[in-house]
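Residue indices begin at 1 and follow the sequence shown. Just the heavy atoms: all of them, side chains too, but no hydrogens, waters or symmetry mates, feed the values below. As the structure lists them, so they are numbered: ligands from 1, and atoms in each ligand from 1.
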Amino acid sequence: MFAFDIDPDMPTAQRWDEIMAAADALTEGEADAVANMANVAALLWQFLPDVNWTGFYRMSGGELVLGPFQGKAACIRIPVGKGVCGAAVADKATQLVADVHAFEGHIACDAESRAELVVPLLRDGEVLGVIDLDSPTPSRFSNEDAAGCERLAEMLVSRLPAAL
Ligand code: SME
């Protein structure tokens, strides 16, 4: 239904501008959380080069539970404070991990994953869930990716209900 042209050589900041514009267009006026997360997971998968997992975990019953994603089947439940995703919830802060092998407690859903970027979805200081990006290439994600994904998270929180 939606066709986007993606230039493989696009600079990172511009790439995130494109993702933002597409996510904005796809989620505007739509209040369904699953639909919005599913489309954004697909956009991230489509726009970002060199990733092997893009998606969401949402807070449910005091832990992270798998949400819409693209990539291989993944761990379903992650306690707060465990792994890179759980650390993002506990710290209420982005986790930019150059090499997951060096991250104590990393949860390996796909043995191929080496770099990971996790951004919390924060509303009024409360974590609704996280955006999780994985890559098979160490140091794949930069500070620019983190900043772009944080902008996306902020926009998305305004389009999502309080409970995911
Ligand atoms: N590696 C994550 C688990 C989720 S998967 O990467 C999809 C972590 O350590 O929290």
Side-chain angles (χ1 to χ4, degrees), residues 6 12 15-16 19-20 22-23 26-27 32-123 125-157 159-161 163-164:
I6 302 151
T12 300
R15 188 180 296 279
W16 281 100
I19 293 171
M20 277 290 288
L26 278 169
T27 60
D32 189 277
V34 172
N36 285 342
M37 288 189 284
N39 263 335
V40 171
L43 283 177
L44 291 165
W45 182 259
Q46 187 183 359
F47 275 79
L48 293 174
D50 196 20
V51 290
N52 62 341
W53 205 90
T54 63
F56 292 83
Y57 280 87
R58 61 225 154 72
M59 285 302 292
S60 177
E63 62 184 347
L64 285 169
V65 182
L66 185 63
F69 69 94
Q70 299 277 312
K72 288 186 184 168
C75 339
I76 298 168
R77 292 175 187 274
I78 300 177
V80 172
K82 299 286 179 197
V84 185
C85 292
V89 179
D91 298 352
K92 296 187 179 181
T94 296
Q95 308 290 311
L96 177 54
V97 180
D99 187 350
V100 295
H101 292 178
F103 188 96
E104 205 182 313
H106 165 251
I107 300 164
C109 293
D110 180 345
E112 278 181 25
S113 293
R114 289 298 301 275
E116 185 155 359
L117 173 61
V118 181
V119 173
L121 296 165
L122 285 164
R123 180 185 285 152
E126 185 197 347
V127 184
L128 304 184
V130 300
I131 299 175
D132 183 15
L133 306 177
D134 287 8
S135 168
T137 305
S139 302
R140 155 66 183 85
F141 302 111
S142 64
N143 287 326
E144 267 187 322
D145 286 304
C149 197
E150 284 169 354
R151 272 199 295 143
L152 177 67
E154 199 181 322
M155 187 274 282
L156 212 51
V157 162
R159 300 274 164 90
L160 292 171
L164 307 182

For G83, the atoms of ligand 1 under 4.0 Å from one of its heavy atoms are 9 (O), 10 (O)
The closest protein heavy-atom partner of atom 2 (C) of ligand 1 is E116 OE2, 3.1 Å
Within the 4.0 Å heavy-atom cut-off, what F69 brings close to ligand 1 is neither
Atom 5 (S) of ligand 1: closest protein heavy atom, distance to 0.1 Å, is C109 SG, 3.2 Å
Does any N or O of ligand 1 fall below 3.5 Å from an N or O anywhere on D134, backbone included? yes
Value for CG (N39) from CG (L44), rounded to nearest 0.5 Å, stands at 11.0 Å
dist M20:CE -> M155:CE (nearest 0.5 Å) comes out at 4.5 Å
Check: I78 N/O within less than 3.5 Å of ligand 1 N/O: no
Looking only at protein heavy atoms, what sits closest to atom 8 (C) of ligand 1 is V84 N, 3.3 Å
Does either side chain, that of T12 or that of D145, offer a donor lying less than 3.5 Å from an acceptor on the other one? no
One finds that the ligand 1 atoms under 4.0 Å from a non-hydrogen atom of D132 are 4 (C), 5 (S), 6 (O), 7 (C)
If we ignore hydrogens and angles and just use 3.5 Å, is the side chain of T54 paired with the main-chain N or O of A41 as donor and acceptor?
yes
shortest atom 1 (N) of ligand 1-to-protein heavy-atom contact is with I107 O, 2.7 Å
The single option from F56, W53, W45 that satisfies ring-ring contact (aromatic ring centres under 6.0 Å, His included) with F69 is W53
Under 3.5 Å between some N or O of ligand 1 and some N or O of H106? yes
For atom 10 (O) of ligand 1, the closest protein heavy atom turns out to be C85 N, 2.8 Å
Original post:
Looking only at side chains, do R140 and S135 share a donor and an acceptor under 3.5 Å apart?
Top reply: no
Output for pair (L66 CG, R58 CZ), nearest 0.5 Å, gives 7.5 Å
Judged by atom type as modelled, is there a donor-acceptor pair below 3.5 Å linking the side chain of R123 to the main-chain atoms of L160? yes
